[in-house]
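Residue numbering restarts at 1 for every chain, and letters A, B, ... go by the order of the sequence lines. Owing to the predicted nature of the structure, the values given are computational and were not obtained by experimental measurement.
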Protein chains: 2
Amino acid sequence: MTGAVASGRLAVVGLGPGPHELLAPLAATELAAAAEVFGYGPYVDRVPERPGQRRIASDNREELDRAQAALARAAEGVHVAMVSGGDPGVFAMAAAVCEAVEQGPAAWRALDIAVIPGVTAMLAVAARIGAPLGHDFCAISLSDNLKPWAVIERRLVAAIGAGFVVALYNPASRARPHQLDAALDVGRAHLPAETPVIFGRAAFRPDERITTVPLREARGAMADMATLVLIGSPATRVVERPGLPPLVYSPRSAEPLA
Amino acid sequence: MTGAVASGRLAVVGLGPGPHELLAPLAATELAAAAEVFGYGPYVDRVPERPGQRRIASDNREELDRAQAALARAAEGVHVAMVSGGDPGVFAMAAAVCEAVEQGPAAWRALDIAVIPGVTAMLAVAARIGAPLGHDFCAISLSDNLKPWAVIERRLVAAIGAGFVVALYNPASRARPHQLDAALDVGRAHLPAETPVIFGRAAFRPDERITTVPLREARGAMADMATLVLIGSPATRVVERPGLPPLVYSPRSAEPLA
């Protein structure tokens, strides 16, 4: 995506799950080189402070405004970093930046724009419990700020009915506490009651909490906005280990093992 | 997944898309600490050589055998790393290791097993072209070594029909050259002819090649086994940029922009 460009640069940087040990060196380099760092407050707080670097934190509902502000600064010649938790291309800032470019002044199309990928939440949670994403899977945002619930429900039914493992992002918030229960009910209508459901929070961080329960016991109240929920497929298996957390995995073959 | 364990360790390590700048420091640490490195030959070749470290490369069809061999060494007290390109939990070695643990001797359940996540191919390719995974998406392996084509086709129809962006892993091989054409035909039956299709290869590497074509022009011959194919949704947009590659993105909202 780079080439002959205007003098500024906008790097949309994935911070990964949190700990520095999972931040790509390329991301660290971009953050160190930026004169200004834009992002949702808690993500900006994760960026190591550097003298002279401006930090512009905003609320998590202001994605398009934030993208426009960052692009405007890049168009003025500033080296800007926009940070997202996880991967910026998965329910995060990269799409908002592209949308702002499309809607914005023609000059923004000449800017040097780079997206630096990161480990998105479903990969981090999956890694901590085994390999629940080991066969075909989907990622669905349960937030209906930007799409109607009917679309979400249709996608849940299609994905679960076809045997995908389903990763649910943005499963709950104070404004919409009942959607995860509705999603789990879709699961219960199509899947065995023993299907593993994983609630993962703060993977790889000191306050990590990863819990696996059978679908019949899964409740919306087990998640908050920072939880990643994985609904297994009929093939997903739980391997108990004495004295250790279970391994949960979805076998590479389509059918459950004998 | 760690805790009270036997003396050996098996770390299943994601190497990301290739360049060292995208390898997580945690992955580099695991690789440096391992006495033995197992993996598919081209991935083992990416691991920096270290005096005294044994390297056991195998063919890409021998995943379960490789997992068993690595677990057997860990059970003997050896610190073992098993490497995968991208993320080990996405169509890679983590599921094979879990399967081997489930089927293997009881002692393997007491082993210290860790999965270190990485940037999987769809995230790397997406980052290089904009944000094509910006809304709900699926990942499907087109390999029918381990599942019947009927299952793959059913998943493609379900995902495309419900408006997901679809990432296709293992899109083609010499043994099965026609499956990607069949998958693209499913797309053509359900999607507008102008829907963007992205062929991404070697993202972030010197030989990177990323091409976007409308669905009506997409052909199976445009991919090989190392290509990641992204089929957009009806909402996916292409933003042309004079003198630069286009930005391709799937807007956060469910419906195409006006």
Side-chain angles (χ1 to χ4, degrees), chain A residues 1 3-5 20-22 24-26 87 89-90 94-96 98-99 101-102 109-110 115-120 123-124 126-131 133-134 136-141 146-148 151 154-155 158-159 161-164 237 239 241-245 247 249-254, chain B residues 1 3-5 20-22 24-26 87 89-90 94-96 98-99 101-102 109-110 115-120 123-124 126-131 133-134 136-141 146-148 151 154-155 158-159 161-164 237 239 241-245 247 249-254:
Chain A
M1 286 161 53
V5 292
H20 179 73
E21 290 72 24
L22 284 170
L26 188 58
D87 181 86
V90 177
C98 291
E99 196 176 320
V101 169
E102 184 173 27
R109 298 190 185 213
V115 179
I116 312 301
V119 170
T120 183
L123 302 185
R128 295 298 285 169
I129 194 76
L133 302 175
D136 302 333
F137 63 91
C138 294
I140 300 176
S141 170
L146 291 156
K147 64 189 169 190
V151 168
R154 181 168 153 240
R155 289 180 182 167
F164 288 96
R237 299 181 66 79
V239 183
R241 300 188 298 169
L244 289 171
L247 289 175
Y249 80 102
S250 300
R252 303 157 302 145
S253 54
Chain B
M1 286 159 53
V5 290
H20 179 73
E21 291 71 25
L22 284 169
L26 187 59
D87 180 87
V90 177
C98 292
E99 196 176 320
V101 169
E102 183 173 26
R109 299 190 182 210
V115 179
I116 312 302
V119 171
T120 183
L123 303 185
R128 295 298 286 167
I129 193 77
L133 301 176
D136 302 333
F137 62 93
C138 294
I140 300 177
S141 169
L146 290 156
K147 64 190 168 190
V151 168
R154 181 168 153 239
R155 289 181 182 166
F164 288 95
R237 301 182 66 79
V239 184
R241 300 188 299 169
L244 290 171
L247 289 175
Y249 79 101
S250 300
R252 304 158 300 146
S253 54

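Distance check: B/E99 CD to A/R237 CZ gives 9.0 Å after rounding to the nearest 0.5 Å. Here the NE2 atom belonging to A/H20 is positioned 11.0 Å from the CG atom belonging to B/L26, to the nearest 0.5 angstrom. Here the CZ-CZ distance, from A/R155 to B/F164, works out to 6.5 Å after rounding to the nearest 0.5 Å. Note that the CD1 atom of A/I140 and the SG atom of B/C138 stand 7.0 Å from one another [nearest 0.5 Å].
With chain A as partner, the option from B/P117, B/G163, B/S141 having the largest number of non-hydrogen pairs under 4.5 angstrom is B/P117. When each of B/A124, B/C98, B/S250 is checked for heavy-atom pairs under 4.5 Å with chain A, B/C98 comes out on top.
Taking B/T120 as the reference, A/L123, B/D87, B/V90, B/M122, B/L123, B/Y169 meet the side chain to side chain contact (heavy atoms under 4.5 Å, CB included) condition, with sequence neighbours excluded.
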Practice problem: Kindly determine whether A/R109 and B/L244 satisfy side-chain contact (heavy atoms from CB on, under 4.5 Å), including the steps that lead there. | Solution: CA-CA 8 Å; A/R109 298 190 185 213; B/L244 290 171; over 6 Å; no
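In this structure, the side chains of A/E102 and B/L247 stay at 4.5 Å or more apart for every pair of heavy atoms.
Minimum interatomic distance between A/A162 and B/R154 (heavy atoms only, all atoms of both residues): CA-NH2, 3.8 Å. For the pair B/G134 and A/A95, the tightest heavy-atom approach, listed with the atom from each and the gap, is CA-CB, 4.1 Å.
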